[in-house]
There are 2 protein chains.
Amino acid sequence: MSHTLGIRQAQKQKTRQALLDAALALLEEQSLSSLGLREVTRAVGVAPTAFYRHFRSIADLGAALVEEALGSLHPMIRTTVSAADDHGQRIKRAIELIAGHVDAYPAHVRFIARERHGGVQPVREAIRDQLARFGQEVKDELAKDPVSEGWSEDDLLMLANLYVDQMLITASLFLEALEASPEERERVCQVAEHQLRLISVGREHWLD
Amino acid sequence: MSHTLGIRQAQKQKTRQALLDAALALLEEQSLSSLGLREVTRAVGVAPTAFYRHFRSIADLGAALVEEALGSLHPMIRTTVSAADDHGQRIKRAIELIAGHVDAYPAHVRFIARERHGGVQPVREAIRDQLARFGQEVKDELAKDPVSEGWSEDDLLMLANLYVDQMLITASLFLEALEASPEERERVCQVAEHQLRLISVGREHWLD
DNA sequence: TCATCCAGTTAACAACTGTTCTCCGTAATT
DNA sequence: AATTACGGAGAACAGTTGTTAACTGGATGA
C-alpha cells in the first residue's frame with residue numbers, strides 16, 4: 001500500500017513539482033533549449049543551486065516533463081480506440097477527448113508539440129519513444145477490430161502511426177484555436193472530424 | 001532585366017547570406033529561441049554590431065530563413081501534385097521529391113519542422129502562412145482532378161491540408177533516417193508510400 | 001538523546017548576452 | 001575632384017548565465 005512519505009521526502013517532491021510547473025509555464029513563450037536553470041529557480045523562489053538536488057540539467061527536467069505529459073495518457077488512448085460504438089460516434093468521441101485534454105492541459109500539449117522536433121536530443125527521444133508506444137497500443141486495438149482481417153502487421157502499424165500523428169496535428173490545431181471564437185473552434189472540429197473520417201474510409205477500402 | 005548590383009550591395013548580400021547560413025548550421029543542435037546574435041556573428045567572423053545592418057533581431061532572421069526554406073518550393077509542389085501519371089506513379093514521385101529535397105537541404109527541413117511549433121511567434125506565423133499557401137495551391141490542383149467532382153470547397157481544402165501535413169511528417173521521418181542504414185531508409189519509404197496511398201483510397205471512396 | 005543525513009542557502013567564479021555610441025574606410029553620388 | 005552614404009569595427013554598458021564550494025538547520029534513525 002501507499003506508505004506515507006516523511007516530511008522530508010514530501011517537501012522534496014513538492015519543490016520538484018514546483019520546478020516542473022514553473023518550467024512548463026515559462027515554456028509557453030520559448031523553447032526548452034533556451035530555458036535557463038536560474039530562470040526556473042527564480043520563478044519558484046528557490047536558490048539556483050537547489051535545482052541540482054532534483055535534476056542533473058534542463059534536459060533532464062525536460063525528460064521528466066515528457067513523462068508527466070504523456071505517461072498517464074496510455075489507458076485513455078486504449079479505451080478510446082477500442083470503443084464499441086459505431087464508427088461515426090467513435091471518431092466524434094476521440095475528437096472530444098482531444099479537445100477536452102487540450103482544454104485541461106494546454107501547456108503540456110504545447111510542450112510536446114514544440115519539443116517533438118525541438119533542439120534537445122534526449123527530450124526528442126523521450127517523446128519519440130512515448131509516441132512509438134502509442135502507435136503500438138493503437139495497433140493492438142486496431143488488430144482486434146474485424147475490419148483489420150487480412151491486414152499485414154506492417155500495415156496495421158502504419159495505420160496506427162497515421163492515427164497518432166493525426167491526433168497530434170488535431171491537438172495542435174485545438175491549441176491554436178484555444179483563444180479563438182467559438183465558430184472558429186467549431187470549424188477546427190469539423191475539419192478534424194472529416195480528416196479522421198477520410199482516413200477511416202481509406203482503411204475500409206484498403207484491401208481492394 | 002537584372003541590373004548588376006554595385007560592389008557595395010553585392011558585398012552586403014554576401015554577408016547577409018553568410019549570416020543566414022551560419023544561423024542555419026548552428027540551429028542543427030538548438031532552437032531558434034536560444035540562438036544568440038553574437039553566436040551567429042562569431043561563426044561568420046564579423047563584429048556583433050554588424051548583425052543589425054541586416055536584421056532587426058534573431059526573430060527577423062528566422063523569418064528570412066522561413067522564406068528561404070519554403071518560398072521557392074511552391075512551383076515544385078504544384079507540378080508534382082498535378083502530374084499526369086497514373087495514381088501510383090504520382091505518389092511514388094511525390095515521395096522521391098521529398099526524399100531528394102531532404103537529402104539536398106536537410107538543415108532547411110529541420111529548421112521548418114523545429115520552428116513550426118517553436119518558441120518564436122513571428123517565425124511560427126511565417127511558417128503557418130507558407131503552409132496555408134501550400135494548402136491552397138494543393139487544393140487548386142486537386143480541384144482540377146476529375147476525382148474531385150461533387151466535393152465541397154471545404155472538403156477539398158481539408159484534404160489538401162491533410163496532404164501537406166503528411167508531407168511534413170514524411171520529410172521529418174526522412175530527416176531522422178538520413179544517417180540510418182539503407183534498409184531503414186527503404187522501410188521509411190514504404191511506410192510513407194502506404195500512408196499516402198491509404199489517404200488516396202479514402203479520397204476515392206469519400207462520396208459514399 | 002545524539003549523531004547523521006540532506007534539501008536548500010550563500011558567495012563567488014569566469015564567461016557570456018543584447019544594445020548603444022562613436023568611429024573608420026571606401027563605394028557611390030554629385 | 002569633392003562630398004555623401006553606409007557596411008562594418010571597436011569599446012564599453014549592465015545583466016545574465018551554469019557551476020563550484022563550503023555551510024546551515026531541521027528531519028531522520030540508532
Side-chain angles (χ1 to χ4, degrees), chain A residues 2-27 29-65 115 118-123, chain B residues 2-27 29-65 115 118-123:
Chain A
S2 71
H3 175 255
T4 309
L5 265 50
I7 297 181
R8 202 147 200 176
Q9 299 208 29
Q11 187 51 245
K12 179 170 185 181
Q13 289 215 354
K14 213 170 181 175
T15 51
R16 184 190 136 100
Q17 191 58 47
L19 288 169
L20 289 170
D21 293 347
L24 206 54
L26 290 166
L27 284 173
E29 298 170 330
Q30 62 184 315
S31 306
L32 187 67
S33 80
S34 67
L35 183 65
L37 163 167
R38 296 183 100 107
E39 208 178 345
V40 178
T41 57
R42 192 187 315 132
V44 173
V46 90
T49 48
F51 183 91
Y52 293 105
R53 301 285 180 198
H54 303 275
F55 306 101
R56 230 185 301 261
S57 63
I58 285 287
D60 194 21
L61 176 144
L65 277 178
E115 301 305 328
V120 182
Q121 203 202 25
V123 173
Chain B
S2 72
H3 175 254
T4 310
L5 265 51
I7 295 181
R8 202 147 199 176
Q9 298 208 29
Q11 187 51 244
K12 179 169 185 181
Q13 289 214 355
K14 212 170 181 177
T15 52
R16 185 191 137 101
Q17 191 59 47
L19 288 169
L20 289 170
D21 292 347
L24 205 54
L26 290 165
L27 284 173
E29 297 170 332
Q30 63 184 315
S31 306
L32 188 66
S33 80
S34 69
L35 183 65
L37 163 166
R38 296 182 100 107
E39 208 177 345
V40 179
T41 56
R42 192 187 315 131
V44 173
V46 90
T49 48
F51 183 90
Y52 294 105
R53 301 285 181 196
H54 304 274
F55 306 101
R56 229 186 302 261
S57 64
I58 286 288
D60 194 22
L61 178 144
L65 277 178
E115 301 305 328
V120 182
Q121 204 202 25
V123 172

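Reminder, nothing fancy here: chain letters follow the sequence lines and each chain counts from 1.
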**Request:** Could you tell me whether the side chains of A/Ser34 and B/Ser33 share a donor-acceptor contact shorter than 3.5 Å?
**Result:** yes
**Prompt:** What heavy-atom pair brings B/Leu35 and B/Ala23 nearest, and what distance separates the two atoms?
**Reply:** CD2-CB, 4.0 Å
**Asked** Residues in side-chain contact (heavy atoms from CB on, under 4.5 Å) with A/Gln121, at least two apart?
**Response** A/Arg124, A/Glu125
**Asked** Using a heavy-atom cut-off of 4.0 Å to chain B, what are the terminal contacting nucleotides of DNA chain D, in 5' to 3' order?
**Response** D/dA5 to D/dA12
**Message:** Per the side-chain hydrogen bond (donor to acceptor under 3.5 Å, both in side chains) rule, what does the pair list look like for residues 36-50 of chain A, sequence neighbours excluded?
**Reply:** A/Gln30-A/Glu39
**Message:** Just to be sure I understand the geometry, which residues of residues 11-20 of chain A put a non-hydrogen atom under 4.0 Å away from DNA chain C?
**Reply:** A/Lys12, A/Thr15
**Message:** Test: ring-ring contact (aromatic ring centres under 6.0 Å, His included). Region: residues 33-61 of chain A. Which pairs qualify, not counting sequence neighbours?
**Reply:** A/Phe51-A/Phe55
**Item:** Nearest-nucleotide 5' precedence on DNA chain C, B/Ile7 against A/His54
**Value:** A/His54
**Request:** Locate the shortest heavy-atom distance separating B/Gly119 from A/Ser31; write the atom from each residue and the value.
**Result:** N-OG, 3.2 Å
**Asked** Should the heavy atoms of other residues, nucleotides or ligands under 6.0 Å from CD of B/Glu29 be counted, would the total exceed 12?
**Response** no
**Fill in**
Taking five pairs at each terminus, the helix from C/dT19-D/dA12 to C/dT30-D/dA1 shows an axis bend, to 10°, of 10°
**Request:** Please identify each residue that fulfils side-chain contact (heavy atoms from CB on, under 4.5 Å) with B/Gln13, with sequence neighbours left out.
**Result:** B/Leu5
**Prompt:** Roughly how far, to the nearest 0.5 Å, is the CG atom of A/Leu19 from the CG atom of A/Leu24?
**Reply:** 12.5 Å
**Item:** Non-neighbouring partners of A/Ala50 that pass side-chain contact (heavy atoms from CB on, under 4.5 Å), sequence neighbours left out
**Value:** A/Val46
**Prompt:** Taking only residues two or more places apart in sequence, or in another chain, which ones meet B/Ala22 in a side-chain contact (heavy atoms from CB on, under 4.5 Å)?
**Reply:** B/Val40, B/Ala43, B/Val44
**Prompt:** When every nucleotide of nucleotides 14-24 of chain C is labelled 5' to 3' by its protein contacts under 4.0 Å (heavy atoms), B for base, S for sugar-phosphate only, - for none, what sequence of letters results?
**Reply:** ---SBBBB---
May I have the list of side-chain donor-acceptor pairs in residues 57-64 of chain A shorter than 3.5 Å, sequence neighbours left out?
residue: A/Ser57; atom: OG; partner: A/Ala59; partner atom: N; Å: 3.4
residue: A/Ser57; atom: OG; partner: A/Asp60; partner atom: N; Å: 3.3
residue: A/Asp60; atom: OD2; partner: A/Arg56; partner atom: N; Å: 3.1

